[in-house]
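Here, residue 1 is the first one in the sequence, and each next residue gets the next number. Only this structure's heavy atoms are used, side chains among them; waters, hydrogens and symmetry mates stay out. These figures come from a predicted structure and were not determined experimentally.
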Amino acid sequence: MKVINLHHQEKELIELAVENNRHAQHQIYSRFSPKMLSVCRQYIKDLQQAEDIMITAFMKVFTNLKNFEHKGSFEGWIRRIMINECISFIRVQKKVKFIEDENFYEERHNNIESQFSVEDIQFLIDNLPDGYRMVFNLYCVEGFKHQEISAMLGINEGTSKSQLSHARKMLQENISTRALAN
């Protein structure tokens with residue numbers, strides 16, 4: 001059995017891409033673009049806009065590739081650029097409004113098996129207000145802590161917690177409504 005050092009291959013591919021090797025850049029784009037489009041789609045409702053943002057973010061990836069220090073995951077580094085680009089886009093659109101709510105309480109929910117498809121769940125998340133959706137995705141999908149989210153979005157940590165609480169409550173209400181309709 002032959003062992004292939006994937007990390008070594010990735011490092012060589014990155015080094016070639018830093019030198020503006022178009023084939024290497026294309027390989028990186030081909031390997032990561034499907035996942036990164038889904039990351040962008042989590043934040044941006046419109047698929048065409050999500051794709052445009054992903055392409056813009058890949059331009060930033062290739063421009064800043066020389067700054068990647070090979071510490072941690074390359075995919076994680078790209079993912080962070082995608083998320084930051086989505087947040088920047090939403091800020092420029094001035095669509096997001098964060099509601100300060102110091103009197104929120106965090107509910108604990110039981111995880112239950114769902115009869116909903118991935119598309120149904122994405123539809124429910126898409127229909128959250130932008131602030132709720134951003135915090136929900138950053139916390140629940142990406143795994144950021146409230147302190148990190150507050151720094152990324154320029155909001156208080158309490159606001160981040162509040163937005164998540166409201167997002168969860170709204171999702172739970174929408175799930176219940178849809179379950180009763182079916």
Distance from I81 atom CD1 to C86 atom SG, nearest 0.5 Å?
12.0 Å
For side chain to side chain contact (heavy atoms under 4.5 Å, CB included), just list the numbers for D52 and I44, CA-CA rounded to whole Å, side-chain angles, deciding distance to a tenth of an Å, and then say yes or no.
CA-CA 10 Å; D52 288 347; I44 309 299; over 6 Å; no
Before accepting this row, confirm whether a basic side-chain N of the pair R80/E142 lies closer than 4.0 Å to the acidic partner's carboxylate O.
no
Nearest 0.5 Å please: distance from the CG atom of L65 over to the NZ atom of K60.
15.0 Å
Of the non-hydrogen atoms in R91 and G154, which two are nearest, and what is the gap between them?
NH2-N, 3.8 Å
Do F68 and M59 sit in one hydrophobic cluster, given that two such residues count as connected whenever their side-chain heavy atoms are within less than 4.5 Å of each other, even indirectly?
no
If you take the centroid of each ring, where Trp contributes its six-membered ring, are F32 and F74 closer together than 6.0 Å?
yes
Under 4.0 Å between a side-chain nitrogen and a carboxylate oxygen: does that hold for R41 and D126?
yes
If every non-hydrogen atom of A50 is compared with every non-hydrogen atom of C40, which pair is closest and at what distance?
O-CB, 3.7 Å
Any side-chain heavy-atom pair of F144 and I83 under 4.5 Å:
yes
Do you know which two heavy atoms are closest between A167 and L128, and how far apart they sit?
O-CD2, 3.9 Å
Please say yes or no: joined through hydrophobic side-chain contacts below 4.5 Å, possibly via intermediate residues, are V141 and V39 part of one cluster?
no
Flag if over 12 foreign heavy atoms under 6.0 Å of NZ, K66:
yes
Nearest heavy-atom neighbours spanning M134 and Y43
O-CE2, 4.0 Å
Nearest non-hydrogen partners of M36 and M82, listed with the distance
SD-CG, 3.6 Å
Looking only at heavy atoms, which two atoms of A24 and A17 are closest? And how far apart?
CB-N, 3.7 Å
Return yes if a side-chain donor-acceptor contact under 3.5 Å exists between Q25 and N21, otherwise no.
no
With a 4.5 Å limit on heavy-atom distance, are the side chains of I121 and I125 in contact?
yes
